[in-house]
Amino acid sequence: MFQKVSDSDFIRGEHSALKFWSTREIFRKLREKNAGRPKWSFLDGPITANNPMGVHHAWGRTYKDAFQRYFAMTGHELRYQNGFDCQGLWVEVEVEKQLGLGTKNAINDYGIDQFVNECKRRVLNFAARQTEQSQRLGYWMEWDSPNELRKLAENVGSEEPVEYETARGEKVADAAHRLVSKLGNPDWGGSYFTFSTENNETIWTFLKKCFTRGKVYRGHDVMPWSGRSGSAYSQMEIADGRKLTVHRSLFVKFPLQEREKESLLVWTTTPWTLTSNVAAAVNPELDYLKVQMKRDGQIYYFAKENLNYKRLDKEFKEGFGRPEWSWPEDIGKLKTLAQILKEQGGFEELGTIKGAEMVGWKYTGPFDELPAQSQPGGYPPEKNLMDKTAVDCHLVVDGGRDSKGNAHVVAGEGTGIVHTAPGCGDVDHKIGIELGIVGIAPLGENGLFQEGFGEFTGRNAIDQETVDLVIEKLQEKGLLVSVEKYPHIYPHCWRTGDELVFRLVDEWFIDMDWREEIKDVTRQIDWLPDSIDGQNREVEWLTNMRDWMISKKRFWGLALPIWINPEDPSDFEVIGSLAELKERAVEGWDVLEGNTPHRPWIDAVKIKSEKTGAVLSRIEDVGNPWLDAGITPFSTMGYNTHRDMWEKWYPADFVTECFPGQFRNWFYSLLSLSTMMRYDETDDPAMKRPFKTLLGHRLVMDELGRPMHKSDGTAIWFEEAAEQLGVDTLRWMYLNQNPAVDLRFGLRDKDQPVALETPDGTITETQEGSPTCKVTSKPADEIRRQFLIPLWNSYAFFVNYARLDEFNPNDEQVPYAERQEIDRWILSRLQTLIQVAHESFQAYDTSRFVTTAGQFIDDLSNWYIRRNRRRFWRSKDVNDSDKRAAYQTLHEVIVTLCQLLAPVIPFLSERIYQNLVFGRDLVAGETETPADSKWPESVHLCDYPQVNPELLDEELNARTATAQRVVKLGHQVREMTNMRVRQPLAEIRITCSDPGQQAAIEQLAGVIQDELNVKKITAVENLDGIVQYAFKPNLKTVGPKYGKLLGKIRKELPALDPQALAPLRAGESVTIDLSGDSITLEPDDVLVSTEQSSEWGTADEQGVQVAISTVLTDELIAEGMARDFVRHVQQARKDANLEIEDRIQIRYATEEARVREMVETWQDYISTETLADSLAREESVEDGKSVNVGDFSVVLAVSVS
RNA sequence: AGGCGUAUAGCUCAGUUGGUUAGAGCGCAGCUCUGAUAAAGCUGAGGUCGGUGGUUCGAGUCCACCUACGCCUACCA
């Protein structure tokens, strides 16, 4: 017996379903059911375990769960391994904040081991937190117990053994950090953590392969550097941190030697780099102007084009290429060089000179007094250049060209003479190397000037005071020509927001000259959705990317397995495994043993060079964290340790991730690591792909399409959305969304705190202590209103009548063939939906499925149930097999629908399923499961429905669709002729061009008649006599035949006598004469439409034409009034909250004879419809309500008998 | 600066190989239906399909140029 259904209370229902799954261990049973079946390999992209989960994470995680559920229900074995991203600067940054450590030195003083342990703790704690949130999402993974993870976090750093219960329920005991290093291994199960030894060691395998192919090198490069973090930033990171910045830019004189009163005019936006000037570069092909200042006779050289060049003219008008990068309001338009010089007293042009003629001129640098400027070999000294100092190199040089052949020095923004500081700029560095000049690299790791820079020593390059000092010094020397504020796009630290400086660094790189191999692999993969052209985007990135900088001078991360001879940097080796390291170790293994292979422990290990015999130390750098995420197709599937398992699961069938950014991050690292890992194992690019299909999706935005930020309180935490909007609603919304388009989620009102009812009780703040706030979402509300509520109402309708009738779903089935056509129709529609479900999930297109399911729910609710209500209302009769057929049909449809929707809305589908097959109300609590039930214990243990070809009847589907179209047309006619549906009309005539449709209409005449409330339905061959026909040429067929005549045909055909064209409607061709041209038209060549007449309303659509008689007789009017009367009585019953079966007495008052006559005539009908025992007219009804019956007013009251 | 993409109703977007009167959802206005429904249905207003030119009997659709916007990449010393 079904439990009574009342309030939907979706969110409480979700809590109940969660409880049901956990007490019944449904997920474990699902895995057992599918063990040994064909595999579907999903690879989870690790989520950064550094903060709680927000609604932006939930989109991707909903995809992951929905596809996993679909493939589980279709009988596949899955891995169910979630991943946490654990290592890297983002964790360090948060831990630094937490511990109040501002600099790398502070971390060193605090103790790297303590710091690293704290990083581990933070990751474990947020992994626990995200696990709980993911479980609330209904995300079925083999989760570690959150509290067990927290226990590990607490004990990290202690050698005391702790007992840990693995995800598979096994109890293991050891020191916490040793347990932590093994998390996610194939024996324990549970999420993978990228800090695990397995993960790190597999990256070593990768790096060893790179090394073997000669791709690992140490590079000296000038790179963006953060003084605060003490670290260089890779290309990937810089892309995320660019900002519009205003710098003071300077025009400066470089006085020429041996040329009295003559100077080069140079320009810079980074004044601090003038301290490190070495050369001045020109373009030999440009014309340079020689001008003399009127004020003091000084002569300047600069590029001719630059004199009147309108600097940043376009940017001033249009900004810098992004909406948020518009020209700063407080900065005026930049002056031209000519303006600047005029303001200083004017100038005279003395002539022009080619750049080539200037090359070789010697000049005096702006800061030649600094000791670094006079240091042989530059600063730091370069061994091969010990014969010169920076001052010796102060020459005008040829700027040269880049790899694409473009000149480095161009006219435009500056002066055409480029201040060159090979220690402070990327291009400068390259020029320096080419020309063999020394470099000066003034900054230490902390971003401060080092010794040898006089008053600058100890100053921070990005401080304003440093710029002030430069300006002051230049003024003293008379070298400063002009200062201005100059806006441009400048790299910043993506975490701290600090400006980056360009600094000469030595970092470790992978030479990516094997990019073509990666591109070949990329082309073997399906990139979805098609519209974003992911494959080309990835290939484009691979074409343009530079060598991969894999090192970072930090503390928490992969220990790069590179051991180097401190005396000779060319003497280095890459170690491929811990076993190899142990074998090679000559010192310090005892420090590492028992600890994880992280800093600081691993730094103690030294090996001996096989080449030179020197003792090698590990470089102190840690690895780029995208290595951590990119190695997972190997590490998590057991490439090194469980090769047989790896062979079964690699490559992954599917990955999905938010795509902006990932083309250069995760997707890139997966592809390159996999290509390298497999280079010595196969030549087939298809065998090297880490995954077969990728589904990318865009970003979650607020309701107005703006990004949501944690910092300004607009970001929505997962629980805020889950407990206010409902998870099923969210999931439907995510799966409904076009993945190529940003999802406009909703708004969080940070000024409106709310208490949330969670499965664990009421909360008013998150675990991190921020208040939980009101969240609104229009798309979520719409989803709930359009799909979930109608689904619920359909279910509630079924249950509440089935209870009254004591319907038992296990009763003998009425054979399908004996059921009414409408039953067979909804079952057939259901088969179509099943088919679409399989197709959509297999094509990773959830939007298609969810949209189709929505249409089905509409058909179910607004056609099947509405049209069948009377079958369910009929009084109880055990022999009423038609009624039983209706119940059985509806039961089967809703149960199947739940199975189909289980991957989408796992909670609601479970709740409905439980009541429909076990009579269990999940919210009310647990009940026993009948032992003999043929039904699986949970909807999620069901096999996914398969199409039953016997029930699929395309023709019936089409037939009903036609009837629905006719009904729609009929409603249109009623609307246009102002005839309400309750007013019966005499006749509808229908005609259509397609014989199939004609037959359909005849078969479903009863339905159409009923829906449209007409007395007679006639299928006719044509509507002659009722309507006027209008003829138009069918351009698609006539166009190709008559070409240029078409214009005339279009104009003249409609004006012809309809009689002359009549044969066309009978299927015959007609030859007509149009101003001298003879035209033969086939029936297909014309389109016929109808025009209204006074007594018939007409409408047409897709070849179907209907006409409804609008002539009213007194009988028809009276019947319409009767229906109005019934309708108002019903409303009164509803208003009085009467039960459906209550019998009533009706009293009414009216002046109108026609109403009285109508009631007499229709008394029986009214009484039956409204369950009235009496129907009495009174002079006045004081307690009644005035209503309109037809054109007349009636006062009406009802009371229970 | 280079590459890619987009431009259609107040908003968000569909629009097949070129074809007749350019659609949907939301919002707005009106009407209708309703004893499962917190719904739903129908109608309407609102469009020079970014602009200019071209190909064609015919262009929202194809081509060229222009404008605006977005994304990616690079970058101004």
Side-chain angles (χ1 to χ4, degrees), chain A residues 5 7-8 235 239 242 249 266-270 273 280-281 311-312 314 318 321-323 399 404 406 408-410 412-421 424-428 431 486 488-490 531-533 536-537 540-541 543-545 660 663-664 704-705 738 741 744 778-779 782 784-786 789-790 792-801 858 861-862 865-866 869 872-873 967-968 970-972 974-976 978-982 1011 1013 1032-1050 1087 1089 1127 1129-1131 1133-1134 1138-1140 1169-1171:
Chain A
V5 174
D7 201 0
S8 56
Q235 206 187 346
R242 290 177 303 178
S249 76
V266 301
W267 176 71
T268 182
T269 56
T270 48
T273 63
R311 300 159 61 232
L312 297 190
K314 187 168 186 257
E318 297 169 9
R322 279 197 197 172
K404 288 177 192 159
N406 300 316
H408 282 130
V409 178
V410 292
E413 285 304 310
T415 63
I417 303 175
V418 174
H419 145 58
T420 302
C424 305
D426 184 21
V427 175
D428 308 43
I431 294 174
Y486 186 85
H488 60 163
I489 305 304
Y490 195 81
S531 62
I532 63 167
D533 203 13
N536 278 338
R537 279 207 206 186
E540 193 188 339
W541 161 260
T543 307
N544 295 328
M545 71 184 179
F663 288 104
R664 62 170 182 270
L704 303 170
N738 176 353
V741 175
R744 299 188 170 195
K778 277 188 193 161
E782 195 175 317
R784 200 181 307 105
R785 202 180 65 221
Q786 280 194 311
I789 289 172
W792 180 263
N793 287 331
S794 303
Y795 154 72
F797 172 86
F798 169 82
V799 167
N800 291 335
Y801 282 94
D858 185 56
S861 168
N862 282 322
I865 293 182
R866 193 171 51 75
R869 273 178 301 196
F872 295 95
W873 292 345
V967 168
K968 191 180 144 185
H971 282 141
Q972 235 176 74
R974 280 186 170 272
E975 173 73 26
M976 287 185 300
N978 226 348
M979 290 285 175
R980 66 190 193 281
V981 176
R982 273 197 301 268
E1011 283 288 321
N1013 192 18
K1032 278 191 220 167
N1034 182 0
L1035 300 181
K1036 214 165 183 170
T1037 61
V1038 178
K1041 278 189 224 168
Y1042 293 105
K1044 280 192 197 294
L1045 281 176
L1046 196 66
K1048 193 153 76 175
I1049 299 173
R1050 279 184 82 174
L1087 300 168
S1089 61
R1127 162 81 192 115
V1129 174
Q1130 302 290 34
Q1131 189 60 46
R1133 289 184 60 115
K1134 203 174 175 182
L1138 301 190
E1139 291 298 319
I1140 293 167
E1169 285 294 310
T1170 59
L1171 298 184

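In what follows, chains carry the letters A, B, and so on, assigned in the order in which the sequence lines appear, proteins first and then strands, with residues in each chain numbered from 1.
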Please answer whether the main-chain N or O of [Y] pairs with a side-chain N or O of [X] as donor and acceptor at a distance below 3.5 Å.
X          : Y          : answer
His419(A)  : Val266(A)  : no
Glu1169(A) : Val1129(A) : no
Thr270(A)  : Thr268(A)  : no

[X] has an atom [atom1]; how far is it from atom [atom2] of [N], in whole Å?
X         : N       : atom1 : atom2 : answer
Phe872(A) : rU34(B) : CZ    : P     : 19 Å
Asn544(A) : rC4(B)  : CG    : C1'   : 12 Å
Met979(A) : rC42(B) : CE    : C1'   : 16 Å
Trp792(A) : rA40(B) : CH2   : P     : 18 Å
Trp541(A) : rU73(B) : CH2   : P     : 6 Å
Arg866(A) : rU32(B) : CZ    : P     : 17 Å
Phe797(A) : rA36(B) : CZ    : C1'   : 6 Å
Asp858(A) : rA36(B) : CG    : P     : 17 Å

Work out how far the [atom1] atom of [N] is from that of [M], and round it to whole angstrom.
N       : M       : atom1 : value
rU61(B) : rA14(B) : C1'   : 14 Å
rU16(B) : rU73(B) : P     : 30 Å
rU55(B) : rA29(B) : C1'   : 44 Å
rU17(B) : rU21(B) : C1'   : 22 Å
rG54(B) : rU48(B) : P     : 22 Å
rC4(B)  : rG23(B) : C1'   : 28 Å
rC69(B) : rA77(B) : C1'   : 30 Å
rC71(B) : rU52(B) : P     : 28 Å

Report the residues that fulfil side chain to side chain donor-acceptor pair (under 3.5 Å) with [X], sequence neighbours left out, ordered by chain and then residue number.
X          : answer
Asn793(A)  : none
Arg1127(A) : Gln1131(A)
Asn536(A)  : Asp533(A)

Taking all non-hydrogen atoms of both residues into account, name the closest pair between [X] and [Y] and its distance.
X          : Y         : answer
Pro779(A)  : Arg744(A) : CG-O, 3.2 Å
Asp7(A)    : Trp792(A) : O-CZ2, 3.6 Å
Ala796(A)  : Val5(A)   : CB-CG1, 3.6 Å
Asn1013(A) : Arg982(A) : ND2-O, 3.2 Å
Trp267(A)  : Gly414(A) : CE3-CA, 3.4 Å

Phosphate OP1/OP2 of rU32(B): any Arg1127(A) side-chain N/O under 4.0 Å:
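Answer is no, no contact under 4.0 Å.
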May I ask you to verify if any side-chain N or O of Arg869(A) is less than 4.0 angstrom from the OP1 or OP2 atom of rA36(B)?
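Affirmative; the distance criterion is met.
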Would you indicate whether the side-chain heavy atoms of His488(A) and Thr269(A) approach each other to under 4.5 Å?
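Touching, per the 4.5 Å side-chain cut-off.
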Does any non-hydrogen side-chain atom of Glu540(A) lie less than 4.5 Å from one of Phe663(A)?
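No, their side chains stay 4.5 Å or more apart.
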Give one of base, sugar-phosphate or nothing for [X], where a contact means two heavy atoms less than 4.0 Å apart.
X          : value
Asn1013(A) : nothing
Gln1131(A) : nothing
Ser861(A)  : base
Tyr795(A)  : nothing

Nucleic acid footprint by protein, nucleotides 10-20 of chain B - heavy-atom cut-off 4.0 Å, B for base, S for sugar-phosphate alone:
--SS---B-BB
In terms of side-chain heavy atoms of Val981(A), which of rC33(B), rC71(B), rA36(B) is nearest?
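Taking heavy atoms from C-beta onward, the closest nucleotide is rC33(B).
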What about Arg982(A), does its side chain sit under 3.5 Å from the base of rU32(B) through a donor-acceptor pair?
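No.
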Are any protein N/O atoms closer than 3.5 Å to N/O atoms in nucleotides 75-77 of chain B? If there are, list each pair with its distance.
residue, atom, partner, partner atom, Å
rC75(B), OP1, Arg546(A), NH2, 2.9
rC75(B), N4, Arg242(A), NH1, 3.2
rA77(B), OP2, Thr269(A), OG1, 2.4
rA77(B), O5', Thr269(A), OG1, 3.2
rA77(B), O3', Thr268(A), OG1, 2.8
rA77(B), O2', His419(A), O, 2.7
rA77(B), N6, Val410(A), O, 3.2

Paired and unpaired positions of RNA chain B as dot-bracket, Watson-Crick or G-U wobble under 3.5 Å, | denoting a partner strand
(((((((..((((.....[...)))).(((((.......))))).....(((((..]....))))))))))))....
